[in-house]
Protein chains: 2
Amino acid sequence: MIYSNTYQDDVLGVLNTPVQKKGRDDSRRKLIRAGAEMLCEQSYASMGVDHVLLRAGLTKGSFYHFFPSKEEFVLEVIAHFTEHFNQKLDRTLTGTGTPPLERIRQYIHSGEIGMARFEFRRGCLIGNLSHEVSSRSSTFRDALDKAFKGWEDRIEACLKEAVELGELSRFADTKALAEFFWTGWEGALIRAKVEMSSGSIIRFAEQFFTMLPKPSTK
Amino acid sequence: MIYSNTYQDDVLGVLNTPVQKKGRDDSRRKLIRAGAEMLCEQSYASMGVDHVLLRAGLTKGSFYHFFPSKEEFVLEVIAHFTEHFNQKLDRTLTGTGTPPLERIRQYIHSGEIGMARFEFRRGCLIGNLSHEVSSRSSTFRDALDKAFKGWEDRIEACLKEAVELGELSRFADTKALAEFFWTGWEGALIRAKVEMSSGSIIRFAEQFFTMLPKPSTK
């Protein structure tokens, strides 16, 4: 997952409510958005509360008005980021006239575009935090695990459709393949940052689709 | 890659020289080792020079005696970690009586054991740094890219042997498969930290071997 060019609109969709656009809710939303952007680019350790406030254009008091600690704040960021991408996956992967595997290709392509848009400085907030904060608390681990599982469920559903429509072998283990997809995806995003190119994402996708179990032609 | 239980012996093999075991070389080696251990567990941002010195049991002056900056220090750590794992891969993956694919399985298994030994707190130093410091400088990116490419070359050579021995299809794209392996490996290590279990590594390996192109039985 990456914090794509469409994040702004999407996250407003997730967080916005028709009332109280300004004021309390607006400040809270700005903080969460600033935190999400920063955690896609840098480590948890290097993200000071002062920097979040600066990015959000708010004064110091407002942070602790909304969040008791940096940890609680980041848990909120994870929850919103997870929900944001669940919604994005739902839009991309379900219920269209496009064949299921093509929908996954479209999702991958949107990731390439998002990475390039931010010159490969932004990665996956969930992947970034997974290695850095997992050992801090089970609360962090649970939140990160929930993100991965939600994404897996959505890819799995799409792969199941592909089986039903004869795009994949009826023996395909769609659950295992869905986890395998996200495992490789996280690795591909890491390499994209090192190479400053979407080449690793493209090569990962090509190999994944090449290796998917095809329906028997007999 | 993870900083396994065999790192101590291995890294001494990499860094040690027959003379000057004590003194200057010894201090330098202690610093690099402390840095490598810390960067497997935590972020670049959170690793202060003071903490490295404390872990290495050395006084402040000694750090800047050896390294002009934290960045130069971490580049040395990356270089030694890369070389250490190249040697480990060479030992595991080449020239034994074990079939090539079984050697890869043995490497994976050693990774599982290493992760469990440190209770899933330690991940891959190269993967960890890739997302965090890639945007800092091309020097970092080059060093990290070199690590990935060295590991890929070694897995590719092993997969080529598997093709020659009829374990894999002669049409297998061993270069693409080698990159695909490491991409998934990095993702599996991230998940292992979240789950505090080697389950993700085991499932990744199972799926990778299931999807490898088998030789035709016709």
Side-chain angles (χ1 to χ4, degrees), chain A residues 40-47 118-124 126-136 138 140-148 173 175-177 179-196 199-201 203-204 206-208 210-213, chain B residues 40-48 118-124 126-135 138 140-148 173 175-177 179-196 199-201 203-204 206-208 210-213:
Chain A
C40 287
E41 291 175 8
Q42 65 190 70
S43 64
Y44 175 89
S46 67
M47 187 190 72
F118 294 102
E119 295 166 333
F120 304 96
R121 283 181 288 103
R122 290 189 181 174
C124 173
I126 302 298
N128 295 355
L129 287 172
S130 290
H131 88 78
E132 191 182 357
V133 303
S134 289
S135 56
R136 281 177 179 259
S138 61
F140 270 133
R141 286 195 299 279
D142 290 347
L144 296 163
D145 195 51
K146 186 179 171 189
F148 283 123
D173 184 341
K175 186 173 173 55
L177 287 169
E179 179 176 349
F180 195 68
F181 173 82
W182 289 116
T183 301
W185 178 256
E186 289 295 331
L189 293 189
I190 285 174
R191 290 296 294 274
K193 291 186 88 172
V194 172
E195 296 176 8
M196 288 192 80
S200 63
I201 301 172
R203 295 190 300 274
F204 157 71
E206 192 171 325
Q207 199 57 34
F208 180 76
T210 298
M211 293 171 87
L212 278 177
Chain B
C40 286
E41 291 175 8
Q42 65 189 70
S43 64
Y44 175 89
S46 66
M47 187 189 72
F118 293 103
E119 294 165 335
F120 305 95
R121 283 180 288 103
R122 291 189 180 174
C124 173
I126 303 298
N128 295 355
L129 287 172
S130 291
H131 88 79
E132 191 182 358
V133 303
S134 289
S135 57
S138 61
F140 270 133
R141 287 195 299 279
D142 290 346
L144 296 163
D145 195 50
K146 186 180 171 189
F148 282 123
D173 183 342
K175 188 173 171 55
L177 288 168
E179 179 175 348
F180 194 69
F181 173 82
W182 288 116
T183 302
W185 179 257
E186 289 294 331
L189 293 189
I190 285 173
R191 291 294 294 274
K193 291 185 88 171
V194 172
E195 296 176 9
M196 288 192 80
S200 63
I201 301 173
R203 295 190 300 274
F204 156 71
E206 193 172 324
Q207 198 57 33
F208 180 75
T210 298
M211 292 171 88
L212 279 176

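The chains referred to below are lettered A, B, ... by the order of the sequence lines, with proteins before strands, and numbering in each begins at 1. The analysis underlying the following values was restricted to heavy atoms, covering all of them including side chains, and did not include hydrogens, waters or symmetry mates.
- Using a 4.5 Å heavy-atom cutoff, the side chains of B:His131 and A:His131 are in contact.
- Looking at A:Ser200, both its backbone and its side chain come within 4.5 Å of chain B, counting heavy atoms on both sides.
- At least one side-chain heavy atom of B:Phe148 sits less than 4.5 Å from a side-chain heavy atom of A:Ile190.
- Proximity to chain A is limited to the side chain of B:Phe180, based on heavy atoms less than 4.5 angstrom apart.
- The shortest heavy-atom contact between A:Leu177 and B:Gln207 is CD2-NE2, 3.2 Å.
- Both the backbone and the side chain of B:Phe208 come within contact range of chain A, judged by heavy atoms closer than 4.5 Å.
- With chain B as partner, the option from A:Glu195, A:Met196, A:Arg121, A:Gln42 having the largest number of non-hydrogen pairs under 4.5 angstrom is A:Met196.
- Not a single donor-acceptor pair under 3.5 Å links the side chain of A:Lys193 to the backbone N or O of B:Ser134.
- Contact of B:Thr210 with chain A is not made at all, since no heavy-atom distance falls under 4.5 Å.
- In this structure the side chain of B:Glu186 never reaches within 4.5 angstrom of the side chain of A:Glu186, judged on heavy atoms.
- Note on B:Glu179 versus A:Arg203: salt bridge recorded, some NZ/NE/NH1/NH2 to OD/OE distance being below 4.0 Å.
- When each of A:Ser130, A:Ala192, A:Ser135 is scored by its heavy-atom pairs under 4.5 Å with chain B, the top score falls to A:Ser130.
- When each of B:Leu144, B:Asn128, B:Asp142 is scored by its heavy-atom pairs under 4.5 Å with chain A, the top score falls to B:Asn128.
- Inter-residue side-chain proximity for A:Arg191 and B:Asp145 is flagged as met; some heavy-atom pair is nearer than 4.5 Å.
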